[in-house]
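Below is one structure, written out as structure tokens; comments come after it.
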Amino acid sequence: MSLVRRCSRTACGRPAVATLTYVYADSTAVLGPLAIYAEPHCYDLCAEHSERLTAPRGWEVVRLTVDSGPIRPSGDDLEALANAVREAARPPARRQDGGSPADPTEVGRRGHLRVLRSPDTQ
């Protein structure tokens, strides 16, 4: 099994560099960077086919920037990750009045998502 995803066009064996999706409700074709996972309703295209892409009459083509280079974390990404780890390890801050900070209050819930009220606005 090959780890390289190939172009979805018939008889094209070149490696895919972009993913094409359609938004039928808006009559829009979106061509963007290669998706992390192959989706059943998306098409992976090679560089040549992504450049020559046209849409049906009345449709709009939205082209998102495609970076052909390998994806590597930038210095900013690594610094943000390190700051997040430091913040998570830091003990909770004390309030001005000497008490401990109150936990946010749950205001609502929808499925697995919760709406929280900030302790400062109570």
Side-chain angles (χ1 to χ4, degrees):
M1 181 175 153
S2 175
L3 296 177
V4 176
R5 293 195 346 231
R6 301 286 175 194
C7 183
S8 298
R9 296 291 303 260
T10 306
C12 181
R14 291 185 287 265
V17 298
T19 299
L20 172 66
T21 58
Y22 292 103
V23 182
Y24 291 97
D26 298 331
S27 299
T28 304
V30 181
L31 183 68
L34 187 62
I36 295 173
Y37 301 105
E39 297 288 333
H41 300 289
C42 297
Y43 301 92
D44 296 335
L45 299 176
C46 64
E48 181 181 341
H49 285 121
S50 63
E51 289 172 9
R52 295 187 349 207
L53 175 76
T54 60
R57 184 173 296 157
W59 281 57
E60 179 183 359
V61 177
V62 176
R63 294 178 186 269
L64 305 175
T65 57
V66 176
D67 184 19
S68 59
I71 299 174
R72 292 195 176 117
S74 69
D76 292 339
D77 294 339
L78 295 175
E79 185 176 348
L81 179 61
N83 289 338
V85 169
R86 281 188 211 107
E87 185 67 28
R90 193 173 292 154
R94 291 264 179 215
R95 297 182 81 177
Q96 296 290 346
D97 58 7
S100 64
D103 289 333
T105 306
E106 184 174 323
V107 177
R109 181 178 276 266
R110 177 173 276 177
H112 68 282
L113 302 175
R114 298 183 303 159
V115 178
L116 301 176
R117 179 177 290 133
S118 173
D120 299 332
T121 60
Q122 292 181 3

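These numbers come from the heavy atoms of this one structure, side chains and all, not from hydrogens, waters or symmetry mates.
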For this session: Heavy atoms only: give me the nearest Ala47-Val17 pair and the separation to one decimal.
Result: N-CG2, 3.4 Å
For this session: Check Ala16 against Leu34 and note the closest heavy-atom contact, atom names and distance.
Result: O-CD2, 3.6 Å
Exercise. Tell me, which pairs form a ring pair (Phe, Tyr, Trp, His ring centres under 6.0 Å) where one or both residues lie in residues 35-57, sequence neighbours left out?
Worked result: none
Exercise. Taking atom CZ of Arg9 and atom CD of Glu48, what is their separation to the nearest 0.5 Å?
Worked result: 9.5 Å
For this session: Check whether any side-chain N or O of Ser50 sits under 3.5 Å from a backbone N or O of Ala18 as a donor-acceptor pair, and report yes or no.
Result: no
Problem set entry | Under the side-chain contact (heavy atoms from CB on, under 4.5 Å) test, residues paired with Val23 that sit two or more places apart | Asp26, Thr28, Val30
Problem set entry | Rounded distance (nearest 0.5 Å) linking atom SG of Cys42 with atom OH of Tyr22 | 10.5 Å
For this session: Following the transitive rule for hydrophobic clusters with a side-chain heavy-atom cut-off under 4.5 Å over Ile, Leu, Val, Met, Phe, Trp and Tyr, establish whether Tyr24 and Leu20 coincide in one cluster.
Result: yes
For this session: Taking all heavy atoms of Thr19 and all of Arg5, pick out the closest pair and write down the distance.
Result: OG1-NH2, 4.0 Å
Exercise. Which heavy atom in Cys7 sits nearest to a heavy atom in Cys46, and how many Å separate them?
Worked result: SG-N, 3.4 Å
Problem set entry | Sole residue of Thr21, Leu64, Leu45 in side chain to side chain contact (heavy atoms under 4.5 Å, CB included) with Leu31 | Leu45
